[in-house]
There are 2 protein chains.
Amino acid sequence: MNDIAKIRQFNRTVTHHIGALENEFLGRERSLGASRLLFEIGAGAEVRVLRERLGLDSGYVSRLLRTLEHQGLVQLGSLKEDARVRFVSLTPKGVKEVALLDKLSDRGAAAMLEPLSEKQRASLVESMATVERLLRASSINLATSDPGSRLAQQCLTHYYEELSERFEMAFDPSVSISAAPEELRPPQGYFVLALLQGEAVGCGALKCHTDFGEIKRMWVAASCRGMGIGRRILAQLEFLARERGLALLRLETNKALLEAQALYKSFGYQEVAPFSEEPYAHHWFEKEL
Amino acid sequence: MNDIAKIRQFNRTVTHHIGALENEFLGRERSLGASRLLFEIGAGAEVRVLRERLGLDSGYVSRLLRTLEHQGLVQLGSLKEDARVRFVSLTPKGVKEVALLDKLSDRGAAAMLEPLSEKQRASLVESMATVERLLRASSINLATSDPGSRLAQQCLTHYYEELSERFEMAFDPSVSISAAPEELRPPQGYFVLALLQGEAVGCGALKCHTDFGEIKRMWVAASCRGMGIGRRILAQLEFLARERGLALLRLETNKALLEAQALYKSFGYQEVAPFSEEPYAHHWFEKEL
DNA sequence: TCATTTATCTGACTATAGTCAGATAAATTT
DNA sequence: AAATTTATCTGACTATAGTCAGATAAATGA
């Protein structure tokens, strides 16, 4: 059996088993769709985020939420900052209901393990984790995005937060060499987002100068590291740079960002003498295209 | 994250991804249910088998099949041996359609691999195979069955066929020490079946004598070996023997059946001098309960 | 200010995926 | 031969899971 056939076999078996479990343990009173939505609300969420995450029609979500509201499980309100955006949160009754669903769902998962031996269980859980990570990785796609878009801004916020955490001092983008939205928008530059089911989980930017390009804002969400996303983003930025006819790429990085340095080295970047006054940089790299 | 949480995370991710793929690549013209049914027919099948395999309502299958018939994809007939049983097979047009679905499904599976690196692909396929095997194993359940039932007879037929293949000579149950249905039915004995989604994938029997029990007809389908099914069947037979108050279990086996011997030894059976005239046996085992 | 965009809601549909209670006919048991 | 069982079919439902075309109101941009 070749790989493709194995994957298809996997798909058949797994959907069958999980579907059976879900029907048995959830989907009792409420429809499966409503249960999933209830789960996804968690500590409260914007409706537009839920919609995107579950990939559902706006009208459909609206109706599902109203049903849940009538059952007294959720309450709907609007954001103060933007009254168009609806925000759902669980009522105390809803919290109790989610806890119950959680327990049932736990029982369903436990039923998968129950007939197996200790060794089989460990092997199952480990392989599941691998499959899950890789499926997530395979569903991530890259998109060139406007650096001012909501998703891009979210990414950059996370990026700055993380730099502040990992650097010895707080990170202040205004002190750092600039990479403002207008510099990362064609034709001055490019901003690449990595999207996982509508959520931004990584980014990277290329700032084009006349005779070289600068790689900026490389970031991957902690939950998605080790999936090769950084590699994909960097490859895409290099592709864009080549397309622009740039012959040289430069970047600078902080000593705390070891994974980033490993990535650059594996892509053939050579460490060079400092070529900028970037206050947060300890290492400077170059690569000829 | 504990094992249960990991399993739930897996379930969420995987159903989401596979569902998306199926919708994209199949379910185009035809409903997903009809596509699955079409797939399952393969080289032709009894309707009752399809129904059980897919876990569908009789009326529902009937209607789905009629739709496929109207589309000229399948033809329905009855078995000669039993005119109640309907038999579906694909028309030439149906064969072509299945081939097309196959291709689309292949493309869907390939789309999962496509964004991954070589290493990731190998790891994904391997882990998928493990998960699949173990999920199948975990959904197998044991049932005490009548040795004359259709499923039991199917098992025994496979068992005899396999013995004939693996022994140096053909296996003829009438020459072997008897284990006829009436001897394996309570109170004289027990017949245990391992069921995987309504299909029998293993069996084992206990023949009770006044002062000892005999383990007979231990068999596991080739497709399901290494899942611990033999262990589970043997454990169940030992449980039944203990419940009957039997203090000793005996069994004999052929030298070609190495896995079986390993199983018995791992359960604490000791090889003893021949205690029977079984012509197909080379090894005799005993265990005190 | 006016046009456009965004987020949501509503009403009117449709398709899918069933369920359930008989009816029917062949096979099997008594 | 009559009663029961088995495999299927049919008609009449129901629930789920959407889709799609506007309508509405807030926010944003020109």
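Residue numbers begin at 1 in each chain, while the letters A, B, ... track the order of the sequences.
- Distances were taken from every side-chain heavy atom of B:S58 (C-beta onward) to each of D:dT8, C:dA17, C:dT8; the shortest belongs to D:dT8.
- Distances shown here put every side-chain N or O of B:R63 at or beyond 4.0 Å from the OP1 or OP2 atom of D:dC9.
- Between B:V85 and B:G59, the residue anchored closer to the 5' end of DNA chain D is B:V85, taking for each the nucleotide with the nearest heavy atom.
- Regarding A:L79, its CG atom lies at a distance of 9 Å from the P atom of C:dT8, rounded to whole Å.
- We find that B:E114 and B:R107 are not joined by a salt bridge, their nearest charged nitrogen and carboxylate oxygen being 4.0 Å or further apart.
- The NZ-P distance, from B:K80 to C:dA27, rounds to 13 Å in whole Å.
- Taking the six-membered ring where the residue is Trp, B:F10 and A:F10 present perpendicular rings, their angle passing 60° and hence far from 30°.
- The shortest distance between the side-chain N/O atoms of A:S31 and the OP1/OP2 oxygens of D:dA17 is below 4.0 Å.
- For the pair A:L54 CG and D:dT16 C1', the computed distance is 16 Å after rounding to whole Å.
- Shown here, C:dG22 forms a base pair with D:dC9; the pair counts as Watson-Crick or G-U wobble because both key distances fall under 3.5 Å.
- Note: CD (B:E22) to P (D:dG18) measures 14 Å, nearest angstrom.
- You'll find that the side chain of B:A83 is closest to C:dA27, out of C:dT10, C:dA27, D:dC9.
- In this structure, A:E40 pairs ionically with A:R53, as a charged nitrogen and a carboxylate oxygen lie closer than 4.0 Å.
- Taking 4.0 angstrom as the limit, A:R66 places a side-chain polar atom (N or O) nearer than this to OP1 or OP2 of C:dT10.
- To the nearest angstrom, C1' of C:dT5 lies 15 Å from CG of A:D146.
- Ion pairing between A:K6 and B:E132 fails under the 4.0 Å rule for side-chain N and carboxylate O.
- A straight line from CG of A:D57 to P of C:dA7 spans 15 Å, rounded to a whole angstrom.
- Rounded to a whole Å, the CZ atom of B:R48 is 13 Å from the C1' atom of D:dT5.
- Taking atom CG on A:L64 and atom P on D:dT19, their separation rounds to 12 Å, with Å as the unit.
- Residue B:R86 places at least one side-chain N or O closer than 4.0 Å to OP1 or OP2 of D:dC9.
- Using a 4.0 Å heavy-atom distance criterion, B:V47 is classed as a sugar-phosphate-only contact.
- When distances are taken from the side chain of A:Y60 to each of D:dT19, C:dT8, D:dA7, the shortest belongs to D:dT19.
- Using a 3.5 Å distance cut-off with no hydrogens or angles, the side chains of B:S105 and A:R8 do pair a donor with an acceptor.
- Closest to the A:R84 side chain, of the nucleotides D:dT19, C:dC20, C:dA7, is C:dA7.
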